[in-house]
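The analysis underlying the following values was restricted to heavy atoms, covering all of them including side chains, and did not include hydrogens, waters or symmetry mates. So you know, we letter chains A, B, ... as the sequences are listed, proteins then strands, and number each from 1.
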Protein chains: 2
Amino acid sequence: MSSNQQNGAVLGREFTQNVIDAMGPKTSPRLRQVMGALISHIHDFAREVQLTTDEWMAGVELINEAGRMSNDRRNEGQLLCDVIGMESLVDDITYTTAIHSANGLTASAILGPFWRHDTPHRDNGTTITFDTPPDGQVVYMHGKVTDVTTGKPLQNASVDVWQASTNGLYEQQDDDQKEHNLRGVFHTDAEGCYSFYCLRPTPYPVPMDGPAGKLLAMMDRQVFRPAHIHLMVQQEGYKSLTTQIFDQECKYLDKDSVFAVKDELKVEFVPRKGDPQAPLELEYNITLAKTS
Amino acid sequence: MSSNQQNGAVLGREFTQNVIDAMGPKTSPRLRQVMGALISHIHDFAREVQLTTDEWMAGVELINEAGRMSNDRRNEGQLLCDVIGMESLVDDITYTTAIHSANGLTASAILGPFWRHDTPHRDNGTTITFDTPPDGQVVYMHGKVTDVTTGKPLQNASVDVWQASTNGLYEQQDDDQKEHNLRGVFHTDAEGCYSFYCLRPTPYPVPMDGPAGKLLAMMDRQVFRPAHIHLMVQQEGYKSLTTQIFDQECKYLDKDSVFAVKDELKVEFVPRKGDPQAPLELEYNITLAKTS
């Protein structure tokens, strides 16, 4: 462009096209597509609401604050996206696109900011709750992992599970919980089965001490996540599944602060007889689709 | 919403509307408008390019990294916005909206990330270049600040000026420059005049060691800013002016990496006779508009 000036009118589409066209010939085609659309939409947004410098700068500060608070135990930039539905949306796009949905395939849900890459393997039938709180209800959770097309059990699939305690905190947020409490990676047996003891999940508010919390407060939003258990299931040759299952009795089901609930991910915890370790039981079967 | 599920289709406008409608009754009308439009456009962007989880997460990491690098001397979140034209756009919106442009009004340009709030007052006719580099050309810059409507001179208006040295660095980026080198706040005299010695500005690349630099490299973009001097001019009862003036001979004028150039902000440095302190001169007059 020779100039951004437009005779007193607000910078319009021509300006936006100039910014997009500044990308050089070595930009990858995909990055050109993504950045072109991002620049176009974000400029349209600014023009549509007549965004002022002060408002834009408040947004910049929110983003910088998110970065400063983020570390290997916390991802506030991710949480900012979550509360405006972005992680749920891209999760859905990614999963729908990759799978060309087979009937009966277990639905995905967002990873969220509390997964850890270094969760230890545990044996089937053992527990992930090492310091069960007085208000905690222990659940025996078990199920089978199968191929969605053939129905055949998948042996040695990894089932990575993580959940918050009844105080609403994951172990990395809470000095009073043992390292890797309420987390474990299980592997299915020859029949495709996994099993472990965990807690019946309880609702909790997203962390309110950072910019995501500040934004939620400004938007006068409900901050609780409905009671859920996180799962990540992987098997070689199959598309990885990241999901969450939701207690169908939870009152926050229809107002999740990060918009992750899907109908088919609602589950029922039922009474369990004759097990001194757990008054409740949950059977949850999982299907995976081949990558190709 | 009772569910985000849409029978296998990618989450659509209904999902987006649910996220927008989650804002509570105590949200301010302006925040509702801004966040509603932001959510709408950012979701449309994700759907349009079929943004994947990995791509979105790369964006989150870029934002978190920007926050971690930002401090009172550097604003990488702002720079990320600058390289996609956002600061120029909101500056233009803000200024155009506030002013209802009077004829002859000095145009605005972006603040950029290098302004300091604690720049000292200096007397007219003094210098801001305290350790002039061997390749630096000293300029005697002077001009008059007037009311755009009446043409009357404005006494005691503050003229805050800042510029990079010939190595492309502002003093807060460069341990070899004296504190507040190439910065000063001047005040106009009874005739509305200001004057000081500074450097003829030289082009410089935006900082390339952070996420904004990473993004520019990925976009195969030209990274230089054309040679410019920053100005912020304020007078009680008048709309503050933040702007930049650009050397009309600079080769980067038509490809500014942050899209701030406007035709009427191009200036000519001319030879100065009989002043042992400066071989060049620049006269730059400024007009301000009343706030109401």
Side-chain angles (χ1 to χ4, degrees), chain A residues 1-5 8 10-11 19 22-27 31 33-35 37-39 41-46 48-53 55-56 60 63-68 70 77-78 81 84-86 88-94 96-97 101 218-221 254 259 261-264, chain B residues 1-5 8 10-11 19 22-27 31 33-35 37-39 41-46 48-53 55-56 60 63-68 70 77-78 81 84-86 88-94 96-97 101 218-221 254 259 261-264:
Chain A
M1 93 218 109
S2 66
S3 166
N4 293 329
Q5 193 189 0
V10 168
L11 296 172
V19 175
M23 280 187 270
K26 291 178 196 144
T27 314
L31 188 80
Q33 182 189 22
V34 170
M35 288 305 301
L38 179 62
I39 290 165
H41 280 286
I42 211 82
H43 284 199
D44 281 348
F45 151 69
E48 183 179 316
V49 302
Q50 293 282 290
L51 194 69
T52 69
T53 304
E55 291 168 338
W56 161 74
V60 168
I63 282 174
N64 282 338
E65 192 184 339
R68 278 192 289 268
S70 295
Q78 181 175 2
C81 291
I84 60 167
M86 269 299 274
S88 276
L89 181 56
V90 298
D91 166 68
D92 189 69
I93 289 170
T94 308
T96 306
T97 307
S101 226
M218 285 167 68
M219 292 194 292
D220 187 27
R221 282 260 301 266
D254 62 351
F259 309 96
V261 179
K262 296 176 178 177
D263 277 346
E264 67 268 44
Chain B
M1 92 217 109
S2 66
S3 165
N4 295 329
Q5 194 189 359
V10 169
L11 297 171
V19 175
M23 281 187 271
K26 291 178 195 146
T27 314
L31 188 80
Q33 181 190 23
V34 170
M35 288 305 301
L38 178 63
I39 291 165
H41 280 286
I42 211 82
H43 283 201
D44 281 348
F45 151 69
E48 182 178 316
V49 302
Q50 293 282 289
L51 194 69
T52 69
T53 304
E55 292 168 339
W56 162 74
V60 168
I63 283 173
N64 281 339
E65 193 185 336
R68 278 191 290 269
S70 295
Q78 181 175 2
C81 292
I84 60 168
M86 269 299 273
S88 276
L89 181 56
V90 298
D91 166 68
D92 189 69
I93 289 169
T94 308
T96 306
T97 307
S101 226
M218 286 167 67
M219 292 195 291
D220 187 27
R221 282 259 302 266
D254 62 350
F259 310 96
V261 179
K262 295 177 180 177
D263 277 346
E264 67 266 46

From the list H43(A), E48(A), M218(A), the residue making the most non-hydrogen contacts under 4.5 Å with chain B is H43(A)
Taken to the nearest 0.5 Å, the spacing of T27(A) OG1 from D220(B) CG works out to 5.0 Å
Bottom line for Q78(B): the part with an atom under 4.5 Å from chain A's heavy atoms is both
Looking only at D44(B), I39(B), V49(B), most heavy-atom pairs under 4.5 Å shared with chain A are made by V49(B)
Minimal heavy-atom distance between M23(B) and R221(A), with the atoms involved, is N-CD, 3.8 Å
When the 4.5 angstrom heavy-atom criterion is applied to V60(B) and chain A, the contacting part is side chain
Distance col, row F45(A):CZ vs L89(B):CG, nearest 0.5 angstrom, shows 10.5 Å
Of the listed I84(A), N64(A), D91(A), the one with the largest count of heavy-atom pairs under 4.5 Å with chain B is N64(A)
**Report entry** Heavy-atom side-chain contact between L38(B) and I42(A) under 4.5 Å
**Finding:** yes
With a 4.5 Å cut-off on side-chain heavy atoms, are M86(A) and L51(B) touching?
yes
When rounded to the nearest 0.5 Å, the distance separating CG of L11(B) from CD1 of I93(A) is 8.0 Å
To the nearest 0.5 Å, atom CD of Q50(B) lies from atom OG1 of T94(A) at 8.5 Å
With chain B, the option among G67(A), P25(A), G77(A), C81(A) that has the most non-hydrogen atom pairs under 4.5 Å is G67(A)
When the 4.5 angstrom heavy-atom criterion is applied to E65(A) and chain B, the contacting part is neither
Closest non-hydrogen contact found for A46(A) with V90(B) is CB-CG1, 4.3 Å
